[in-house]
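Starting off with a structure, shown below.
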Amino acid sequence: MDKKLFKEQLLRELYEPYRKCMKCPLATQGRTTVVFGEGNADADLMIIGEGPGRDEDAQGRPFVGRSGQLLTRTLQALGQSRENVFITNIVKCRPPENRVPTDQESATCKQLLLAKQIKIVQPALICTLGSTALRHLINEEVKITSMRGKIIDKDDLRLFPTYHPAFILRNPGQLPIFTDDLRHAIELAKKLKAK
Ligand code: URA
């Protein structure tokens with residue numbers, strides 16, 4: 001079987017038991033859909049955000065609201081279709097009022113889903129958006145302003161953090177930095193995969 005089809009099948013099998021997941025408090029705090037993620041199951045680049053918002057919860061797809069549209073537009077401007085990367089979040093259920101997911105919610109979801117998604121997709125590079133995603137992948141407090149745009153090797157993951165697009169919506173002057181970081185991430189993922 002084709003490698004991408006095989007990975008798609010593994011992801012479907014992974015998701016099946018969690019379609020109505022009750023493993024953390026977010027299950028009963030207003031989420032309607034578990035938003036697993038989407039994109040190329042054999043992607044060179046995986047993009048990880050914080051958690052679904054209202055639009056993502058309603059549509060069952062990651063990064064489709066205002067932040068998502070900024071991310072999609074930026075990828076497109078760089079010649080990278082969003083279908084060719086794999087996009088997901090630290091937690092797969094919408095936190096109420098879009099609060100930051102707790103450590104317990106993040107750790108549970110990471111262990112049950114995100115870590116397994118990473119193992120299946122095996123991206124050459126993971127671009128984390130914002131401090132929550134980075135913090136939960138390196139298990140340390142982070143300062144996104146000083147850590148963005150740099151490669152971080154942690155265990156067997158190669159990470160490349162940048163700002164969250166919601167931050168760029170509030171601080172449009174930072175868009176060139178965000179765009180430049182994504183450009184680097186795309187190029188780096190290609191180069192690493194080619195090795
Ligand atoms: N913000 C995120 O972190 N993830 C989404 O999917 C949407 C908005």
Side-chain angles (χ1 to χ4, degrees), residues 11 14-15 18-19 21 24-27 29-41 43 45-76 80-110 112-118 121 123 125-138 141-145 147-148 157 159-172 174-175 177-179 181-182 185:
L11 287 173
L14 169 66
Y15 300 158
Y18 298 106
R19 296 210 177 270
C21 181
C24 94
L26 292 178
Q29 296 188 9
R31 77 113 205 266
T32 56
T33 326
V34 181
V35 183
F36 293 107
E38 66 180 27
N40 182 351
L45 180 64
M46 183 180 275
I47 296 178
I48 303 181
E50 180 173 308
R54 182 163 36 98
D55 296 303
E56 289 76 21
D57 179 70
Q59 295 183 42
R61 299 178 57 205
F63 282 102
V64 290
R66 281 186 70 225
S67 299
Q69 286 160 21
L70 173 62
L71 174 65
T72 305
R73 273 200 310 276
T74 310
L75 290 172
Q76 272 168 357
Q80 175 71 74
S81 78
R82 71 175 258 156
E83 292 74 30
N84 243 319
V85 297
F86 190 88
I87 305 180
T88 188
N89 284 298
I90 291 283
V91 294
K92 313 306 193 209
C93 295
R94 182 193 182 196
E97 314 301 329
N98 296 339
R99 65 159 169 77
V100 177
T102 65
D103 287 354
Q104 185 217 341
E105 291 158 354
S106 303
T108 305
C109 207
K110 180 178 146 189
L112 295 176
L113 285 160
L114 182 63
K116 295 175 190 168
Q117 288 175 304
I118 295 172
V121 177
L125 189 71
I126 294 174
C127 180
T128 56
L129 304 180
S131 51
T132 302
L134 179 61
R135 182 159 75 83
H136 289 291
L137 284 168
I138 65 174
E141 287 307 318
V142 301
K143 257 206 159 310
I144 196 69
T145 337
M147 294 172 93
R148 56 140 287 278
L157 303 183
L159 308 171
F160 192 88
T162 188
Y163 293 126
H164 193 286
F167 171 79
I168 305 302
L169 287 174
R170 295 192 302 273
N171 300 275
Q174 302 297 310
L175 179 62
I177 294 181
F178 178 68
T179 307
D181 284 351
L182 282 181

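Just follow the structure's listing: the first ligand is 1, and inside any ligand the first atom is 1. Residue indices begin at 1 and follow the sequence shown.
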Legend entry - V64 backbone acceptor or donor facing E56 side chain under 3.5 Å: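 Yes; at least one donor-acceptor contact below 3.5 Å.
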Inset, instruction - Could you point out which residue of K110, R99, R31 forms a salt bridge (charged side-chain N to carboxylate O under 4.0 Å, His left out) with E105? - result: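 Single salt bridge (charged side-chain N to carboxylate O under 4.0 Å, His left out) partner of E105 among K110, R99, R31: R99.
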Legend entry - Backbone or side-chain N or O of S67 under 3.5 Å from ligand 1 N or O: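 Checking ligand 1 against S67, no N or O pair falls under 3.5 Å apart.
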Legend entry - Sequence neighbours excluded, every pair satisfying salt bridge (Lys or Arg N to Asp or Glu O under 4.0 Å) that has a member inside residues 61-71: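 Sorted result for residues 61-71: E38-R61.
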Legend entry - side chain to side chain donor-acceptor pair (under 3.5 Å) partners of residues 84-96, not counting sequence neighbours, each pair once: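 The answer is N40-N84, T88-K92, K92-Q117, R94-N98.
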Inset, instruction - Please could you name the atoms of ligand 1 that G49 approaches to less than 4.0 Å, counting only its heavy atoms? - result: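 So the atoms of ligand 1 that pass are 3 (O).
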Inset, instruction - Give the numbers and elements of all ligand 1 atoms closer than 4.0 Å to a heavy atom of P62. - result: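 Under 4.0 Å from P62, ligand 1 has these atoms: 6 (O).
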Legend entry - For atom 1 (N) of ligand 1, closest protein heavy-atom neighbour: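 Answer, as residue, atom name and distance: H164 NE2, 3.3 Å.
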Inset, instruction - Using distance alone, decide if ligand 1 has a nitrogen or oxygen within less than 3.5 Å of any nitrogen or oxygen in F63. - result: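 For ligand 1, there is an N or O atom that lies under 3.5 Å from one belonging to F63.
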Inset, instruction - Check step by step if side-chain contact (heavy atoms from CB on, under 4.5 Å) holds for F160 and D181. - result: CA-CA 8 Å; F160 192 88; D181 284 351; 4.1 Å; yes
Legend entry - Criterion ring-ring contact (aromatic ring centres under 6.0 Å, His included) against F36, the qualifying member of Y15, Y18, F86: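 Result for ring-ring contact (aromatic ring centres under 6.0 Å, His included) with F36: Y15.
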Inset, instruction - Tell me which one of N89, T88, T132 gets a heavy atom nearest to atom 4 (N) of ligand 1. - result: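 The option holding the nearest heavy atom is N89.
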Legend entry - Nearest protein heavy atom with distance in Å, relative to atom 2 (C) of ligand 1: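 For this ligand atom, the closest protein heavy atom is G51 O, 3.1 Å.
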Inset, instruction - Within a distance under 4.0 Å of any heavy atom of E50, pick out the atoms of ligand 1 and give their elements. - result: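 The list of qualifying atoms is 2 (C), 3 (O).
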